[in-house]
Amino acid sequence: MYPTGQQISFQTTPLNVQDPTRMMNLGQSSPVSRNETQNGGVGGGIDQAEFAMFNSKRLQSDLEAMGNKLKQHEDNLKFLKSQKNKLDEAIVDLQVHMSKLHSSPTPRSQNCDNNLQGEDVNEQILRHENSAAGVLGLVETFHGAQASQLMLTKGVVGVVAKLGKVNDENLSQILANYLGTRSMLAVVCRNYESVTALEAYDNQGNIDRNAGLHGLGASIGRTIGGNFDAICLENLRPYVGQHIADDLQRRLDLLKPKLPNGECPPGFLGFAVNMIQIDPAYLLCVTSYGHGLRETLFYSLFSRLQVYKTRADMISALPCISDGAVSLDGGIIRTPGIFNLGNRDEVNVRFAKPTASRTMDNYSEAERKMKELKWKKEKTLEDIKREQVLREHAVFNFGKKKEEFVRCLAQSSCTNQPMNTPR
C-alpha cells in the first residue's frame, strides 16, 4: 500500500487543557457587559431601544394609513349624504310640478282613446276568465290601485298586453299574432321572489289551490285553468347596446338591415322592439339593475324582429333577416328558415293605442323622472348604509391600532429610562 523502504512519521500535537478555575475567572472578568450579551453581543443585531423605535415607526405608519382610510370613508359619507339631500329636493320640486299638471284644465277625454276597434284591452283580457291575466284584471277592476299593494301582486308589473302600446291597429294585430295569446297574457314580474309568490305546492308537489294566484282566483269565484307563463325581468338577458340619442322613449340603437349592395331593403319600417310605445314609468329602473321594459321584456319577446310593409318586401329582404320578420299584410317569418303559412289565426288580445294628450304626455314624463329619482335615492341610501358599516369597521381597527401604539410608546419610555443602582 505504501512504497517500501520509506518511513512515515506521525507527529502528535499536544492538547492544551486549561484549568477550569482559570476559565471561570475569564468568564467573570469578560469585558462584554451582561446587557450586550443578552442582546446579541457587540455588533450582533439591534438593541431594545432600536427595536422599540422601529416598532413605533411601523405602528405610526399603520396608524397614518388607517387614518387616511377612515377619512376616505367619512368623505364618501359626506358626498353620499349631499347627493341624497339633492335628490330629496329634486323629488319635492317634481311633486309640485306634477300637482300642477294634475290640476291642469286641459281636457283629458283623450285618455279614454286607448281602445282598439271599440274594445278596451282590459275587456279583451277579462274575456279569458280562467286565465291568470283574467284573474289579475278582475282583481284590478274590483280594487283599483289597491290591487298592486297586495303582498301577492306587489312584485307584479302587469300583463304583457297592457305594458306596451302601438300606434297602428294593423301592426298591433300582427305583433299579437306573432307573439300568440299565451305570450300576450303572460304575467310579468320584477324578480324571482315575485314569481314564486304566484304559486305554491304541497308536499307531493301538487299545486295548492288555496294559495298564490289560484287562491286569489278562488276568492273571487274564478279558477285558473291550464298553465300560464310568468316572466321574471331580472332573469332575462337584457339588451346591452346603446340607445338612440335624445329619444324620450329610449329606443334601442340597432343597426338597420342592409342588402349585399349596402342599401336598406325596400319596405323596411323598423324593428318591432322600437315600435312599441312604453309608459314612461317603465322606461327605467323597473329592475334593481336600472333596466326598463324595452331592453328586458320586449327585447326578449321580439329581439331584432324586423317589420316590413308587404310580404313581398319581406321575402326580398331574406338575406339580411337574422331574427325573424313580419309584414303588415300578415306575413310572418319566425326565425330564418321557418315561415308561418295558412290562414291568419288572429289573436283576440292586442296592444292598446297610445294617447295623444299633450298634458298626459308631460305628466307621464314627470312620472318617469320621479321613478328614476326615487330609484337613485334608494340606491344612494344603500350606498350610505354600506359606507357606514365600512366606516365603523375602520374606526374599530383604528382604535385597536392606536392602543397598540400607546403601549409601544410606554414600553419604549421604560426601556430608555436609566436603571437606578441600589444603595
So does [X] have more than 12 non-hydrogen atoms from other groups sitting under 6.0 Å from [atom1]?
| X | atom1 | answer |
| --- | --- | --- |
| N261 | CG | yes |
| K402 | NZ | no |
| F339 | CZ | yes |

Taking the six-membered ring of Y178 as reference, does the NZ or CZ atom of R334 fall below 6.0 Å from its centre and within a 45° cone about the axis? yes
Work out which heavy atom in [X] is nearest to a heavy atom in [Y]; give both atom names and the distance.
| X | Y | value |
| --- | --- | --- |
| Y299 | P238 | CD2-C, 4.5 Å |
| A132 | V187 | CB-CG2, 4.1 Å |
| V159 | I125 | CG1-CD1, 4.2 Å |
| L171 | M275 | CD2-CE, 3.5 Å |
| L252 | Y239 | CD2-CD2, 3.4 Å |
| N177 | E346 | OD1-CA, 3.3 Å |

Parallel, tilted or perpendicular, as decided by the 30° and 60° cut-offs, for the rings of F302 and F298: parallel
Do we see a donor-acceptor contact under 3.5 Å between the side chains of S194 and N191? yes
Go through the steps to decide whether R350 and E169 satisfy the test side-chain contact (heavy atoms from CB on, under 4.5 Å), and finish with yes or no. CA-CA 9 Å; R350 301 176 295 279; E169 294 181 4; over 6 Å; no
Starting from the C-alpha separation in whole Å, work towards a yes-or-no answer on side chain to side chain donor-acceptor pair (under 3.5 Å) for N170 and D168. CA-CA 6 Å; N170 191 35; D168 184 76; 4.6 Å; no
Rounded at 0.5 Å granularity, tell me how far [atom1] in [X] sits from [atom2] in [Y].
| X | Y | atom1 | atom2 | value |
| --- | --- | --- | --- | --- |
| L373 | D88 | CG | CG | 10.0 Å |
| I321 | Y308 | CD1 | OH | 4.5 Å |
| I224 | L198 | CD1 | CG | 8.5 Å |
| Q388 | H393 | CD | NE2 | 16.0 Å |
| E140 | L138 | CD | CG | 10.5 Å |

Backbone of [Y] reached by a side-chain donor or acceptor of [X] within 3.5 Å:
| X | Y | value |
| --- | --- | --- |
| T181 | V347 | no |
| S219 | L216 | yes |
| S131 | G134 | yes |
| E89 | K86 | no |
| D329 | R311 | yes |

Could you check whether any side-chain heavy atom of [X] comes within less than 4.5 Å of a side-chain heavy atom of [Y], counting everything from C-beta outward?
| X | Y | value |
| --- | --- | --- |
| D253 | D247 | no |
| P265 | K256 | no |
| L293 | L233 | yes |
| I207 | Y201 | yes |
| V326 | V307 | yes |
| K377 | K84 | yes |
| N348 | Q124 | no |
| L259 | C320 | yes |

Quick one: do V273 and R304 satisfy side-chain contact (heavy atoms from CB on, under 4.5 Å)? Show the steps, please. CA-CA 7 Å; V273 68; R304 287 172 166 78; over 6 Å; no
Verdict with supporting geometry, E234 and S288, side-chain contact (heavy atoms from CB on, under 4.5 Å): CA-CA 8 Å; E234 290 196 348; S288 60; 2.7 Å; yes
Intermediate values then yes/no, side-chain contact (heavy atoms from CB on, under 4.5 Å), D208 and D202: CA-CA 6 Å; D208 186 352; D202 59 22; 5.5 Å; no
Should E123 and R127 count as an ion pair when the cut-off is N to O under 4.0 Å? no
May I ask you to decide whether D383 forms a salt bridge with K379, counting only side-chain N to carboxylate O separations under 4.0 Å? no
Between R391 and E387, is a salt bridge (charged side-chain N to carboxylate O under 4.0 Å, His left out) present by the stated rule, with each step listed? CA-CA 6 Å; R391 180 189 174 278; E387 201 65 41; over 6 Å; no
Can you tell which of Q249, R251, K165 makes a side chain to side chain contact (heavy atoms under 4.5 Å, CB included) with I278? Q249
What verdict does the side chain to side chain donor-acceptor pair (under 3.5 Å) test give for Q72 and N68, after you've listed the backbone C-alpha separation in whole Å, the side-chain angles of each residue and the deciding distance to 0.1 Å? CA-CA 6 Å; Q72 182 181 348; N68 291 334; over 6 Å; no
Test side chain to side chain donor-acceptor pair (under 3.5 Å) applied to S316 and D313, step by step: CA-CA 5 Å; S316 65; D313 292 333; 4.9 Å; no
